[in-house]
Amino acid sequence: GIDPGRSGGLAFISGHEHHVSPSSWDVQLVAMPEDDEDLQQLFTTWGKPFSHVRVHIENIPKWTGSAQFAKRTIYGASIATLYGQFKFSHGLVLGLGFEAQLIVPVKWQNVVGCRNTEKLEKNAWKNKLKAHAQHLMPHVKPTLATADAALIAIAGISMDRSAKRY
């Protein structure tokens, strides 16, 4: 799973084909690398042993100017960074021959059962997501940077199972 952006992260998961419970999966969580070459190296190294790789990426809508995202206003440079990281990640996944599945935040949050119905502020919401990821995968230690990616991956795997892709 990919949570694009400077404060985002990556979740590499294997073993889900044979084990239903996320607590049995092999999970590697990584904060989003600073540069594109490091991101490419991670994906190249991680994906090599597998004949088929499906990557679930948080879908970022196209914006101009300021925008509302996750109930907060994001301005010019931040939008450019977020959208640039999203487009690079998506292109990298496709360029390496992996299958890319885009998933909007409301969808993955619904699938994993963690919505911001309380209208929590950003830090409280991020902490709630981290706690939820830890609950679903007690054998790993998600951080604020990697929790969304872990939940995106879990949601994607769950949706793939419902569609009988595994």
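E34 is linked by a salt bridge (charged side-chain N to carboxylate O under 4.0 Å, His left out) to nothing, counting only residues two or more places apart in sequence or in another chain. With sequence neighbours left out, T143 forms a side chain to side chain donor-acceptor pair (under 3.5 Å) with T146.
Within the 4.5 Å cutoff, the side chain of R6 has no heavy atoms near those of the Q85 side chain. For the pair D26/F12, no side-chain contact is recorded, criterion being any heavy-atom separation below 4.5 Å from C-beta on. At least one side-chain heavy atom of L136 sits less than 4.5 Å from a side-chain heavy atom of L151. Looking at heavy atoms from C-beta onward, F98 lies out of side-chain contact with R54 at the 4.5 angstrom threshold. K128 places none of its side-chain heavy atoms less than 4.5 Å from the side chain of N116. Under the 4.5 Å side-chain criterion, counting only non-hydrogen atoms from C-beta, I2 is in contact with F43. Contact of the P33 side chain with the L10 side chain is registered, since non-hydrogen atoms from C-beta on lie closer than 4.5 Å. With a 4.5 Å cut-off on side-chain heavy atoms, V53 and V55 count as touching.
Shortest non-hydrogen contact noted between H90 and A100 is CD2-CB, 3.6 Å. In this structure, G9 and A149 approach most closely via the heavy-atom pair O-CB, 3.3 Å. Closest approach of A145 and D3 over heavy atoms only: O-OD2, 4.3 Å. The shortest non-hydrogen separation linking A153 to G1 is CB-N, 3.6 Å. Listed here is the closest heavy atom pair of S89 and M32: OG-CE, 4.5 Å.
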Distance-only donor-acceptor pairs under 3.5 Å for side chains of residues 102-110, two or more places apart:
unit_1, atom_1, unit_2, atom_2, d
W108, NE1, E58, OE2, 3.0
N110, OD1, R115, NH1, 3.2
N110, ND2, V106, O, 3.2

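Rounded to the nearest 0.5 Å, atoms CG (D35) and CD (Q41) are 11.0 Å apart. Atom OG in S7 sits 5.5 Å away from atom NZ in K122 (nearest 0.5 Å). Interatomic distance, N127 CG to K130 NZ, rounded to the nearest 0.5 Å: 6.5 Å.
Judged purely by distance below 3.5 Å, without hydrogens or angles, the side chains of Q40 and T44 never pair a donor atom with an acceptor atom. For the residue pair D160/H56, the side-chain donor-acceptor check at 3.5 Å is satisfied.
Sorted by first and then second residue, the salt bridge (Lys or Arg N to Asp or Glu O under 4.0 Å) pairs with a member in residues 142-151 read K126-D148; sequence neighbours excluded. Judged as a salt bridge (Lys or Arg N to Asp or Glu O under 4.0 Å), not a single pair has a partner in residues 137-147 (not counting sequence neighbours).
Residues F88 and F86 share a single hydrophobic cluster, defined by chaining ILVMFWY side chains whose heavy atoms lie under 4.5 Å apart.
In the displayed structure, E121 atom CD is contacted under 6.0 Å by at most 12 heavy atoms of other residues, nucleotides or ligands.
Residue L144 belongs to no hydrophobic cluster, having no ILVMFWY side-chain heavy atom closer than 4.5 Å to its own.
The closest donor-acceptor contact from the side chain of Q134 to the backbone of V140 lies under 3.5 Å.
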Using the rule given for side chain to side chain contact (heavy atoms under 4.5 Å, CB included), can you reason through M137 versus I154, listing the C-alpha separation, both sets of side-chain angles and the distance that settles it, and then say yes or no? CA-CA 10 Å; M137 297 185 294; I154 291 170; 3.8 Å; yes
